[in-house]
Colleague: 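Pasting a structure here, questions to come.
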Amino acid sequence: MVFEAFREEAEQLIREAVKQTGYSIERVVLEEPPRQEYGDLSSTVAFDIAKKQKRKPLEVAEELHSKMISFKRNLVGDVNVTPPGYLNFKVNRPKFCNLTLQKSIDEKLGFIDIGKGKKVAVEHTSVNPNKALHIGHLRNVVIGDVVQRLLKYTNHQVVVLNYIDDSGLQVADIIVGFKFLGFPEDPPDPKIKFDHYCGDHVYVKVNQMYSDKPETEKYRRIVLKELENHSSETYEYAKKITERVLYEQLKTCTSIGAFYDCLNFESDIVASKIWQKVFQQMKDQKIIVYEEEGKNAGCWVIKGADDQDKVLIRSDGTATYIAKDIPYAAWKLGLVDDFFNYQKFMVQKNGKVLWKTTLSEGEKDHPIFNNADVAINVIDVRQGRLQKIIASIIKRFGEKGKQKDYIHLGYEIVSLSKDTAIEMGLKVEDKDFIHMSGRAGIYINADDVLEKLEKLALQETLHRNPDADPNWIQEIAMSIAVSAIRYGLIKQDFGKILVFDLKEALKLEGETGPYLQYTYARASRILEKHGEFTPMIEVNGIFEQEEYKFIKELSKFTIIIKDATTRLEPNKLAEYAHNICLLFNTFYEKYPVLHEQDKIKKGQRLILVKAFLNVLKDLMFILGIESHSRI
RNA sequence: GGGCUCGUGGCCCAGUACGGAUAAGGCAUUGGCCUUCGGAGCCAAGGAUCGUGGGUUCAAAUCCCACCGGGCCCA
């Protein structure tokens with residue numbers, strides 16, 4: 001937005017001045033100085049030039065500055081030099097402020113064309129359908145959903161996929177429980193959700209039984225084998241169970257505002273035998289080679305993936321696990337023909353149909369789910385190696401493969417804090433946190449956290465709105481719970497382990513989602529109380545220091561969106577949203593809007609509040625946090 | 001054994017891609033602010049060997065090397 005324009009102008013001034021002095025530079029570094037009195041942007045070009053020319057930076061800076069004096073300026077106001085050689089640029093405040101506010105109150109703020117219609121497949125969630133989502137899975141859902149929203153916001157054509165591993169060990173385990181070990185198919189208490197029942201009871205207990213009575217493990221192998229055969233009775237049964245779990249899991253996801261376009265079942269990939277075609281294709285294109293000797297003799301390998309040769313087909317003819325992942329990745333990017341059929345799975349809360357893959361007859365009218373330009377896969381870092389191999393293989397899929405991008409959006413896992421673990425009665429010894437494990441029963445279910453949060457928010461909302469409609473209070477409480485959990489899971493850098501502490505997660509103050517919602521409501525009420533007004537009738541662009549700081553931050557909106565999109569760092573949006581809320585609240589406490597006597601000041605402040613709300617609303621939307629005029 | 005990743009006040013965490021001026025927020029602590037627009041808020045105070053050691057540089061939380069500690073992956 002406007003800050004970008006200011007930056008570009010300053011850069012042009014520098015480039016022109018440098019040109020006139022006859023020096024040369026590769027890049028212009030322009031940064032915000034640590035203190036306002038230095039200006040709005042500072043450059044260190046003089047240091048770079050001074051080094052090459054063996055001159056004093058201060059002299060160079062003075063020289064550049066003297067050239068600039070005569071240049072035409074628009075958003076740039078004063079330029080000055082400070083020792084030891086910084087070139088400082090100040091904005092022309094009235095112009096800058098008016099332009100920023102004008103742009104920010106524009107209703108069409110929400111369209112920044114970065115993607116230019118590029119097709120992107122975002123895969124996230126992908127929880128084994130044998131248990132309820134725990135808090136770690138929720139980090140995946142939130143990251144995936146925010147990325148998806150951000151990409152749509154910046155004009156990408158997005159399909160959201162959810163990969164369902166319905167043929168692996170985890171599903172096999174609960175099927176063993178139901179078919180062989182006598183677990184009743186329905187929860188003992190009808191109030192228990194089916195996914196919780198399968199995960200908390202059946203799955204954990206079956207695994208306990210494997211270690212207590214090792215002979216029971218044979219059932220697992222039997223089930224696994226039968227799951228591969230679509231015509232087996234076990235497969236049919238498992239399908240029924242996993243879909244039932246899936247419905248419950250999706251309730252959790254949709255309750256926090258995450259929706260999908262298609263569920264891709266692993267068993268369909270396996271049973272489609274697509275692997276053999278892909279195998280042939282890879283042989284033809286010499287992506288894989290047959291090893292005649294050495295330790296991999298008799299195997300088909302990929303040379304040099306991940307600096308090592310990777311076995312794809314063992315000497316006994318069995319495919320390694322990569323056999324599912326490669327065809328699936330190739331499908332996403334349109335490197336193989338679409339081998340799925342599609343059926344409607346359900347209509348989601350947002351009214352959109354959720355589809356699922358099938359090998360049986362599908363429906364003719366279905367959206368296109370494959371053939372994306374970019375595949376973004378939200379998967380935790382433990383899969384990093386495998387994902388890297390897949391990406392490198394995709395790049396070797398001929399000319400078409402080179403044009404496609406397979407991106408692993410990795411994030412660190414969620415662990416339980418010491419306090420929370422102790423609270424759950426777990427042994428922690430001297431560790432600061434402990435990793436979750438579905439099999440061992442060490443985890444916190446997402447639904448439970450949401451429920452606790454909702455109760456807390458309900459209390460608080462009720463306290464503040466004693467006479468409000470109970471339905472409204474319920475709705476707001478849920479919305480606050482969702483914002484707290486979403487913000488908490490997105491704000492942190494993806495490369496860091498998120499240590500989940502229940503007490504911490506239940507906070508509604510400080511750097512949290514509810515703080516954004518509170519601030520939004522607070523600002524909304526000003527405009528609501530004032531009623532209609534016509535912006536920009538009389539302005540002079542003169543603002544107090546705090547107001548100016550606030551406007552300047554708002555002017556960075558598009559830069560933030562661009563950075564977050566191109567670097568896939570949606571956590572930056574959370575930080576920025578918090579930042580502008582802090583600035584708004586400072587402004588709010590210090591300067592009256594409705595009670596301001598000066599007409600021009602009052603008018604400008606109203607515009608500022610409106611501009612802020614516009615920016616915040618879009619940010620919150622991307623973060624999946626609802627904005628209400630009252631909470 | 002090989003590779004990846006993290007380490008910043010009591011606690012959480014931004015800043016590291018592209019080196020720049022007094023290291024930004026939040027929680028907690030202490031003290032203030034409700035007869036003016038919502039106190040889920042604001043203001044102020046204290047609190048930081050930026051894991052350790054070395055190197056490069058006019059300048060290092062940021063780059064390079066070594067080491068220490070946590071975590072992960074592969075073998």
Colleague: Given C13(B), is OP1 or OP2 found less than 4.0 Å from the side-chain N or O atoms of Y487(A)?
Modeller: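 False: Y487(A) side-chain N/O out of range (4.0 Å or more) of C13(B) OP1/OP2.
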Colleague: Contact class for G495(A) vs. all strands (heavy atom < 4.0 Å): base, sugar-phosphate, or nothing?
Modeller: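 Counting heavy atoms under 4.0 Å across all strands, the contact made by G495(A) is with sugar-phosphate only.
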Colleague: Across the strands shown, which category fits D432(A) at heavy-atom distances under 4.0 angstrom: base, sugar-phosphate, nothing?
Modeller: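 Touches nothing.
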Colleague: Under 4.0 angstrom, heavy atoms only, what part of the nucleic acid is T586(A) near: base, sugar-phosphate, or nothing?
Modeller: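 It contacts sugar-phosphate atoms only.
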Colleague: Write down the distance separating the C1' atoms in C50(B) and A14(B), rounded off to the nearest Å.
Modeller: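 To the nearest whole Å, 13 Å.
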Colleague: Checking base pairs now: Watson-Crick or wobble, both atom distances under 3.5 Å. What partners G1(B)?
Modeller: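 G1(B) is paired, partner C74(B).
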Colleague: Just the table, please: protein N/O against nucleotides 35-38 of chain B N/O, every pair under 3.5 Å.
Modeller:
from: U36(B); atom 1: O2'; to: H595(A); atom 2: NE2; distance (Å): 2.2
from: C37(B); atom 1: O4'; to: H595(A); atom 2: NE2; distance (Å): 3.4
from: C37(B); atom 1: O3'; to: K529(A); atom 2: NZ; distance (Å): 3.1
from: C37(B); atom 1: O2; to: V593(A); atom 2: N; distance (Å): 3.3
from: C37(B); atom 1: O2; to: L594(A); atom 2: N; distance (Å): 2.8
from: C37(B); atom 1: N3; to: V593(A); atom 2: N; distance (Å): 2.9
from: C37(B); atom 1: N4; to: Y588(A); atom 2: O; distance (Å): 2.6
from: C37(B); atom 1: N4; to: Y591(A); atom 2: O; distance (Å): 2.5
from: G38(B); atom 1: OP2; to: K529(A); atom 2: NZ; distance (Å): 3.0
from: G38(B); atom 1: O5'; to: Y588(A); atom 2: OH; distance (Å): 3.4
from: G38(B); atom 1: O2'; to: Y518(A); atom 2: OH; distance (Å): 2.7
from: G38(B); atom 1: O2'; to: R522(A); atom 2: NE; distance (Å): 2.9
from: G38(B); atom 1: O6; to: I631(A); atom 2: N; distance (Å): 3.3
from: G38(B); atom 1: N1; to: I631(A); atom 2: O; distance (Å): 3.3
from: G38(B); atom 1: N2; to: R464(A); atom 2: NH1; distance (Å): 3.4

Colleague: Any ion pair linking R7(A) and E4(A) (charged N to carboxylate O, less than 4.0 Å)?
Modeller: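 Result for this pair is no, no salt bridge flagged.
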Colleague: Could you check whether K549(A) pairs with E32(A) (Lys NZ or Arg NE/NH1/NH2 to Asp/Glu carboxylate O, under 4.0 Å)?
Modeller: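 Answer for the salt bridge query: no.
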Colleague: Using side-chain contact (heavy atoms from CB on, under 4.5 Å) as the criterion, point out the one residue from Y591(A), F543(A), Y588(A) that pairs with R605(A).
Modeller: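 By the side-chain contact (heavy atoms from CB on, under 4.5 Å) criterion, R605(A) pairs with just one of Y591(A), F543(A), Y588(A): Y591(A).
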Colleague: Rounded to whole angstroms, how far apart are CD on E504(A) and P on C13(B)?
Modeller: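 After rounding, the reported distance stands at 10 Å.
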Colleague: Both distances under 3.5 Å, Watson-Crick or G-U wobble: report the partner of G69(B), or none.
Modeller: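 Paired with G69(B), as far as the under-3.5 Å criterion goes, is C6(B).
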Colleague: Within the structure shown, what part of the strands sits under 4.0 Å from K431(A) by heavy-atom distance: base, sugar-phosphate, or nothing?
Modeller: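 Contact class for K431(A): sugar-phosphate only.
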Colleague: Just call it for S415(A): base, sugar-phosphate, or nothing, with non-hydrogen atoms closer than 4.0 Å on any strand.
Modeller: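 Nothing, no nucleic acid heavy atom in range.
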Colleague: Given that T44(A) and T519(A) both sit by RNA chain B, which one's nearest nucleotide is further toward the 5' end?
Modeller: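 Whichever sits nearer the 5' end wins; that is T44(A).
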Colleague: In whole angstrom, what separates D563(A)'s CG from C18(B)'s P?
Modeller: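 It is 14 Å, rounded to the nearest whole Å.
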Colleague: For I497(A), answer base if it contacts any base atom (sugar-phosphate contacts may also be present), sugar-phosphate if it contacts only those atoms, and nothing otherwise; contact means non-hydrogen atoms under 4.0 Å.
Modeller: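 It contacts sugar-phosphate atoms only.
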Colleague: Between A48(B) and G10(B), how far apart are the two P atoms, rounded to whole Å?
Modeller: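 Here A48(B) and G10(B) have their P atoms 7 Å from each other.
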Colleague: Which part of the nucleic acid, if any, lies within reach of H578(A) when heavy atoms closer than 4.0 Å are counted: base, sugar-phosphate only, or nothing?
Modeller: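 It contacts sugar-phosphate atoms only.
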Colleague: Go ahead and name the base partner of A45(B); Watson-Crick or wobble counts if both distances stay under 3.5 Å, otherwise write none.
Modeller: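 Looking at the geometry, A45(B) pairs with U29(B).
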Colleague: Just checking Q492(A): base, sugar-phosphate only, or nothing, at a heavy-atom cut-off of under 4.0 Å?
Modeller: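 Here Q492(A) touches the backbone only, sparing every base.
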Colleague: What integer distance in Å separates K52(A):NZ from U57(B):P?
Modeller: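 The distance from NZ of K52(A) to P of U57(B) comes to 18 Å, rounded to the nearest Å.
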Colleague: Quick one: closest heavy-atom pair of Q517(A) and E626(A), and the distance?
Modeller: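 Shortest heavy-atom contact: NE2-O, 3.0 Å.
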Colleague: Examine distances only and state if a side-chain atom of D469(A) and a backbone atom of N471(A) form a donor-acceptor pair shorter than 3.5 Å.
Modeller: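 Checking the backbone N and O of N471(A) against the side chain of D469(A), a donor-acceptor pair under 3.5 Å is found.
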Colleague: Verify the contact: side-chain N or O of K496(A) to OP1 or OP2 of A14(B), cut-off strictly under 4.0 Å; return yes or no.
Modeller: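 For K496(A), the contact criterion (side-chain N or O under 4.0 Å from OP1 or OP2 of A14(B)) is met.
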Colleague: Determine the sole option in H134(A), H435(A), M436(A) for which the side-chain contact (heavy atoms from CB on, under 4.5 Å) test with L416(A) is passed.
Modeller: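 Of the listed options, the one satisfying the test is M436(A).
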Colleague: Distance check needed: A21(B) C1' versus E31(A) CD, whole Å only.
Modeller: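 Value for this atom pair: 11 Å.
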Colleague: If the cut-off is 4.0 Å, is K572(A) near the phosphate of G15(B), judged by side-chain N/O to OP1 or OP2?
Modeller: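 Result: yes.
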Colleague: Is the gap between the ring centers of Y38(A) and Y86(A) under 6.0 Å?
Modeller: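 Here the rings of Y86(A) and Y38(A) have centres that are no less than 6.0 Å from each other.
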Colleague: So what does E596(A) touch, heavy atoms closer than 4.0 Å: a base, only the sugar-phosphate, or nothing?
Modeller: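 Here E596(A) touches no strand at all.
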Colleague: Quick one: label T512(A) by what it contacts on the DNA or RNA (base, sugar-phosphate, nothing), any heavy atom closer than 4.0 Å.
Modeller: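 It contacts nothing in the nucleic acid.
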Colleague: Please report, rounded to the nearest Å, how far the C1' atom of G71(B) is from the CD atom of Q383(A).
Modeller: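 To the nearest whole Å, that distance equals 16 Å.
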Colleague: Take atom CD of Q545(A) as the centre, draw a 6.0 Å sphere, and report whether it contains more than 12 heavy atoms from other residues, nucleotides or ligands.
Modeller: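 Counting neighbours around CD of Q545(A), more than 12 heavy atoms of other residues, nucleotides or ligands fall under 6.0 Å, so yes.
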Colleague: Quick one: R55(A) CZ to C58(B) C1', roughly how many Å, whole number?
Modeller: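 For the pair R55(A) CZ and C58(B) C1', the rounded distance is 16 Å.
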Colleague: What is the distance from CZ of F433(A) to C1' of G69(B), rounded to the nearest Å?
Modeller: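 That distance rounds to 12 Å.
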Colleague: Take the protein atom NZ of K388(A) and the nucleotide atom P of C74(B), then report the distance between them rounded to whole Å.
Modeller: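 The distance from NZ of K388(A) to P of C74(B) comes to 14 Å, rounded to the nearest Å.
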Colleague: Partner lookup for A14(B), please. Criteria are Watson-Crick or G-U wobble with both distances under 3.5 angstrom; report none if nothing qualifies.
Modeller: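 Check on A14(B): unpaired, no WC or wobble geometry under 3.5 Å.
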Colleague: Touch check for K56(A), heavy atoms < 4.0 angstrom, all strands: base, sugar-phosphate only, or nothing?
Modeller: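 K56(A): no heavy atom of the nucleic acid under 4.0 Å.
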Colleague: Reckon N88(A) touches a base, only the sugar-phosphate, or nothing at all at heavy-atom distances under 4.0 Å?
Modeller: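 The answer is base, as N88(A) lies within the cut-off (heavy atoms under 4.0 Å) of a base atom.
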